S.K.: 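Here it is, the structure in full.
Because the structure is a prediction, the values reported are computed rather than measured.
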Amino acid sequence: MLEVDGIEFAVAPERWLSEKTTELNGNTVLTYVATDLLFGDITGNFGYIVVDKTPIYDAAARLSLVIDSQGNLISSNFSVSPRRVCLVPSPTTSCAEPSDP
């Protein structure tokens with residue numbers, strides 16, 4: 001949910017990936033990555049429109065949580081970053097930030 005000037009919008013990914021891993025010390029790491037973020041008008045103020053061509057559509061949102069063996073949250077990290085575009089698909093390729101049109 002995102003609120004702008006008192007108007008609520010839903011934000012949802014078109015693509016996502018979640019992963020759960022267990023570290024040797026017993027901590028659990030939960031990771032969630034979402035890309036291609038859509039904005040939707042849930043109030044009806046804008047005809048319930050869904051928009052995909054926004055500045056963050058081509059961004060990736062990432063959430064990472066570390067939980068100890070007792071279920072306590074040890075750390076968390078949330079970030080949003082621009083999607084990287086690889087110029088040449090190979091194991092030794094360097095990637096560049098997307099350019100403005």
Side-chain angles (χ1 to χ4, degrees):
M1 206 62 96
L2 174 71
E3 186 175 320
V4 178
D5 293 331
I7 301 172
E8 290 184 337
F9 296 90
V11 180
E14 282 192 311
R15 293 169 184 78
W16 58 273
L17 171 72
S18 61
E19 178 181 63
K20 175 184 173 185
T21 58
T22 303
E23 298 177 331
L24 293 176
N25 62 5
N27 290 345
T28 299
V29 179
L30 303 173
T31 304
Y32 177 79
V33 179
T35 64
D36 305 326
L37 302 175
L38 303 171
F39 281 91
D41 167 30
I42 61 172
T43 63
N45 291 336
F46 303 100
Y48 299 101
I49 191 169
V50 175
V51 180
D52 64 352
K53 300 304 178 205
T54 65
I56 70 161
Y57 177 78
D58 287 326
R62 178 185 171 125
L63 173 65
S64 181
L65 304 173
V66 180
I67 302 167
D68 69 15
S69 60
Q70 304 300 312
N72 300 308
L73 180 65
I74 295 175
S75 67
S76 63
N77 185 359
F78 177 76
S79 63
V80 177
S81 57
R83 182 181 302 170
R84 296 176 66 85
V85 178
C86 289
L87 302 175
V88 179
S90 77
T92 59
T93 243
S94 64
C95 292
E97 296 297 325
S99 61
D100 291 333

S.K.: Considering all heavy atoms of both residues, which atom of Thr31 and which atom of Ser64 are nearest to each other, and what is their separation?
M.R.: OG1-OG, 4.0 Å
S.K.: Going by the rule side-chain hydrogen bond (donor to acceptor under 3.5 Å, both in side chains), which residues pair with Ser69 if we only count those two or more places apart in sequence or in a different chain?
M.R.: none
S.K.: About how many Å separate CD1 of Ile49 and CZ of Phe9, when rounded to the nearest 0.5 Å?
M.R.: 10.5 Å
S.K.: Can you confirm whether Phe46 sits close enough to Ile7 that some side-chain heavy atom of one is under 4.5 Å from a side-chain heavy atom of the other?
M.R.: yes
S.K.: What distance do Thr28 atom OG1 and Ile67 atom CD1 have between them, rounded to the nearest 0.5 Å?
M.R.: 6.5 Å
S.K.: Assigning hydrophobic clusters by single linkage (Ile, Leu, Val, Met, Phe, Trp, Tyr; side-chain heavy-atom cutoff under 4.5 Å), is Leu73 placed with Leu63?
M.R.: yes
S.K.: Name the atoms and distances for all side-chain donor-acceptor pairs under 3.5 Å in residues 17-27, with sequence neighbours left out.
M.R.:
unit_1 : atom_1 : unit_2 : atom_2 : d
Asn25  : OD1    : Asn27  : N      : 3.0

S.K.: Using the side-chain hydrogen bond (donor to acceptor under 3.5 Å, both in side chains) criterion, which residues pair with Asn77? Sequence neighbours excluded.
M.R.: none
S.K.: Under the side-chain hydrogen bond (donor to acceptor under 3.5 Å, both in side chains) rule, collect the residues that match up with Asp52, sequence neighbours excluded.
M.R.: none
S.K.: If you group Ile, Leu, Val, Met, Phe, Trp and Tyr by side-chain heavy-atom gaps below 4.5 Å, do Leu37 and Trp16 land in one group?
M.R.: no
S.K.: With the 4.5 Å side-chain cut-off for hydrophobic clustering, are Val80 and Leu30 part of the same group?
M.R.: yes
S.K.: Give the other cluster members for Val29, using side-chain heavy-atom distances under 4.5 Å between Ile, Leu, Val, Met, Phe, Trp and Tyr residues; answer none if it is isolated.
M.R.: Val66, Ile74
S.K.: Nearest 0.5 Å, please: how far is CG in Asp36 from CG in Leu38?
M.R.: 7.5 Å
S.K.: Ile42: which residues meet the side-chain contact (heavy atoms from CB on, under 4.5 Å) condition with it, sequence neighbours left out?
M.R.: Met1, Glu8, Ala10
